[in-house]
Amino acid sequence: MTVEDQRGGVVSKDVSHYDKFPVGMRVLAVDDDPICLKLLETLLRKCQYQVTTANQAVIALEMLRVNRDKFDLVISDVNMPDMDGFKLLELVGLEMDLPVIMLSAHSDTKLVMKGITHGAVDYLLKPVRIEELKNIWQHVIRRKKIDPKDQNKSPNEDKACHGNSESGQGASSLGNADQNGKNSRKRKDQNEDEEEEGDENGNDSEDPSSQKKPRVVWSVELHRKFVAAVNQLGLEKAVPKKILDLMDVEGLTRENVASHLQKYRLYLKRISSVASQQANMVAALGGKDSSYLRMASLDGFGEFRNLAGSGRLSSSTLSSYAPSGMFGRLNSPAGLNLRGITSSGLIQPSGQNLSSSINTFGKLQPTLLPSNQSAGLYQGIPTSLELNQLQQSKCATGIGDFDPIKDSTGFTVSGSFPDNRVTVGSSSSLLSRASSNPLMLQGNSQQTHNRGPFGNQSSLGVAPLNPESFDLGIGGSSNFVNHNRSDESWQGAVQLSRFSSNALPLSEPFNHDQMASNNLGISSTSPHIGNSPIEFPSTNVVSGRLEDSGDVCQEGLIGNVVHNMTYTSKQRWEEYKQDYNPNMNHSFSDINSMVSNNGIVSPLGRSLDQNSAICGRSFDVSLIGQLNGGALSNAHHSEFENSAVDAKIKSNEDCLLGQTKSQDGFIQNGYESLDDIMNAMMKREQNQTLLSDGEFGINAYSLGSCI
Amino acid sequence: MEVGQMQRRLIEYTKSLFMEGILDDQFLQLQQLQDESNPDFVVEVVSLFFQDAEKLLNDITRALDQQSVDFPKVDAHVHQLKGSSASVGAQRVKNGCIAFRNFCEEQNVDGSLRCLQQIKQEYYHVKNKLEALFRLEQQIVAAGGSVPMMELSF
């Protein structure tokens, strides 16, 4: 890990870390038993680590919260009077993403399993031996590597390791969505603690805190696989090991899966509450996104903690999302959670909600897109706000997971959205935050860039937003669609991404033309959505349209939408949504206009309502992806997103929207479908290059990947 | 007694503790952790153990004395005692704790009480032994010698 010489003289680069890294690694030891604590402290000192002790979990949490970067690794006892060790483990993993090692006098298999599923990177038995402690630094490295991603931040060490090169960079540049994906792999690799796999619980990457541990970037595809695996196993029975086997992804470690699963579960919980709404939305996908409102509920995402790191999308934020800003919001919380935003729900609004939501962007929440009006809605892009909200909420949930999203980098989408929506960008942040969905953003970046026309590039790259998280974007994306206004607050777009789950029915082929014109003109102002997309409502862009003519419109729509939306990079999300197209049709349609990705977006326009949702989804995805790129944000968005989007979109060639492959599926499972949708959308979008504009940052990637 | 003799005596004594199973190699690990920067490590940790164990034993006794015994709580105490005794190498105490847990699971008060008695006995036994050990060490140091490191050869 190239840790920049953080304390303890950690040397950068994994290679060199051998020399120094383990030395000086900062460990936080938590145990209520004073003897064990003292012993642990001494042992750790003997290993030349820097040790801080806490005899209470709450104290430890405080320390961590105060400065997460102060520690590389946490070792915690399982049985503690004030807080369950597993709970602490979960919290640390979710909030700080630090590797946590469990310690216990019990060697019960069940406990070990529990530790693993909660994301622990290792499980040691008391009395602890020094030999075991001598090796714990590997968890830190692993995490770093995987995380190289992106996060723009030059991850201190982390990613640098190999991840960095790949992912790290990726992180910043959403465009690297792919890279991020790779990075994620890396992380996973790192986490592969094969040897420990057996008993360890999941060595979390240890050093998220101090160094940038390479995080596994959960790209859309990856997330999709993950979700598929989980579904196959059944949520109850889904254990990391099996999921890992089913996913069959190289370089993915059990730990990665475990932590992702954990997040996913949380996300699902959130979604389920929202899902009900979304379900409605989904149903309404065609028409109203009532479910989208659910997205609003997503506000809860705010909790998602990851979103934007702390941005939790709290719906409230959404409301205030002021179109450009909205996405920002989204990023953090839930918006990004696109994740699962009960995918259907979110995206649903796509058509409608989006528009409305977009308009209301501020309000995103409730209606995210419900206003089928997609066309009209988008106009105001405010919906995007809604979207954002939606997204946020969704994202929040989803995004939380996104961790990988690494903070908002993914969201850069918003950045690209010149339009208002840029929220996408924010969403992207969400996405990034979604941390788990690094994928999302990844996608976004790609997507957006494709958008080309989009100017905005709605690269919604709704970065893989973990399919779950995609919801964010998509739902919001729909709003984006409204972009027409380009200003519209991309949010709609973002929402769209969320919508992805909603299967943006981009039914209408985004009026590509329009879209194109609109494209993302968002930046150029073309509220594309307004123009063409508005037509979305009917355009199920996502669904069929996209396919035809490669309606990139869809993507474009989304992209457009996104673009339009608010390209302010935030919109990127929308692009995602576009990706999400399948469902997003609505959103896309709307988004399309917004996204103006030209092709894609159009679909959005149509289904804006729906698509928007979907688009949103895809956007989100892309956005996320984009966002991930971080770079995408705004500045890059055009390129980033376009590229991302394009990439994504293009890849699919068919209107992503049309593809919405799993549209049906997406919407349904809410989570899973979202993922799928997202993926589908993403894919679609990719083909579509929804994100074309990359601006959206929506990483076409996500779109494409969605598919 | 001259230093050499004392040292030999110490080694023999320690060895016997290991042979009898009163201590296990975790104790050796503790000794190895002791160095110049941490000269009294073993004594410190063991002292902490004594304090903690006595408190826990009291808590367990009181808990078992209740009308309606709160077994989960008792179990938690025992678990902690197990962890700490394992950490210092007090093997018999640790084993006693393991047995105790079974009784707790069965919610067997009598069995638990008996087991508790046993644990207490073992605890005092190891306490005495260790205190004697430390005294020997102190004598050696006072006489100018250095405390020999135990090897795990036995």
Side-chain angles (χ1 to χ4, degrees), chain A residues 23-24 27 29-51 53 55-57 75-87 101-112 114-115 123-135, chain B residues 23-56 59 72-91 93-98 100-102 104-105 123 126 130 152:
Chain A
V23 171
V27 183
V30 190
D31 194 338
D32 62 317
D33 184 346
I35 294 134
C36 299
L37 193 59
K38 182 152 179 70
L39 178 61
L40 193 57
E41 184 182 6
T42 310
L43 285 171
L44 290 169
R45 292 245 161 81
K46 242 339 200 241
C47 297
Q48 296 184 286
Y49 302 141
Q50 273 187 20
V51 189
T53 58
N55 65 353
Q56 279 183 22
I75 299 185
S76 165
D77 185 26
V78 167
N79 309 82
M80 288 190 287
D82 63 331
M83 187 190 289
D84 184 23
F86 294 116
K87 177 109 190 287
I101 293 182
M102 302 306 296
L103 201 57
S104 177
H106 283 320
S107 59
D108 213 20
T109 305
K110 289 204 203 98
L111 282 182
V112 175
K114 193 171 176 195
Y123 194 106
L124 303 177
L125 293 188
K126 287 184 189 174
V128 185
R129 293 205 314 278
I130 198 163
E131 298 83 21
E132 292 175 4
L133 291 179
K134 286 222 167 99
N135 284 331
Chain B
L23 292 178
D24 60 26
D25 58 313
Q26 178 65 18
F27 187 76
L28 286 181
Q29 298 250 344
L30 288 187
Q31 287 187 322
Q32 279 165 13
L33 283 177
Q34 184 161 296
D35 55 20
E36 298 78 33
S37 63
N38 219 344
D40 298 318
F41 179 65
V42 182
V43 175
E44 280 172 17
V45 175
V46 173
S47 308
L48 269 178
F49 169 66
F50 290 158
Q51 283 171 23
D52 204 47
E54 276 165 39
K55 179 177 165 298
L56 284 170
D59 289 343
K73 188 144 180 258
V74 173
D75 188 71
H77 288 317
V78 174
H79 179 71
Q80 178 152 346
L81 184 61
K82 177 183 167 204
S84 49
S85 56
S87 297
V88 298
Q91 192 172 274
V93 178
K94 180 189 79 174
N95 291 341
C97 291
I98 295 175
F100 196 115
R101 294 199 81 220
N102 291 335
C104 279
E105 274 172 30
Y123 166 71
V126 73
L130 284 173
L152 279 165

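Proteins get letters first, then strands, A, B, ... in listed order; numbering begins at 1 in each. As the structure is a prediction and not an experimental result, all values here were calculated from the model.
- Within the 4.5 angstrom heavy-atom criterion, only side-chain atoms of A:Glu131, from C-beta onward, approach chain B.
- Annotation: the span from A:Lys126 atom NZ to B:Lys94 atom NZ amounts to 13.0 Å, rounded to 0.5 Å.
- Taking CD from B:Gln32 and CG from A:Leu43, the interatomic distance works out to 10.5 Å, rounded to the nearest 0.5 Å.
- With a 4.5 Å cut-off on non-hydrogen atoms, B:Ile98 does not touch chain A at all.
- Expressed to the nearest 0.5 Å, how far CG of B:Asp75 lies from CG of A:Asn79 amounts to 8.5 Å.
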If you apply the rule side-chain contact (heavy atoms from CB on, under 4.5 Å), what do you find for A:Lys46 with B:Asp35, and how did you get there?
CA-CA 10 Å; A:Lys46 242 339 200 241; B:Asp35 55 20; 2.8 Å; yes
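- Distance CD1/A:Ile35 to CZ/B:Phe50: 10.0 Å, rounded to 0.5 Å.
- Using a 4.5 Å cut-off between heavy atoms, A:Leu125 makes no contact with chain B at all.
- Among B:Glu44, B:His79, B:Gln29, B:Gln51, the residue with the largest count of heavy-atom pairs under 4.5 Å with chain A is B:His79.
- Annotation: maximal heavy-atom pairing with chain A below 4.5 Å, among B:Ser37, B:Ser85, B:Cys97, B:Ser87, occurs at B:Ser87.
- Atom OG1 in A:Thr42 sits 6.5 Å away from atom CG in B:Leu33 (nearest 0.5 Å).
- In this structure, chain B has heavy atoms under 4.5 Å from both the backbone and the side chain of A:Asp32.
- Here NZ of A:Lys38 is found 15.0 Å from OG of B:Ser84. Values are rounded to the nearest 0.5 Å.
- Contacts between B:Gln80 and chain A at a heavy-atom distance below 4.5 Å involve backbone atoms as well as side-chain atoms.
- Of the listed residues (B:Asp52, B:Leu30, B:Asn38), the greatest number of heavy-atom pairs within a distance under 4.5 Å of chain A belongs to B:Asp52.
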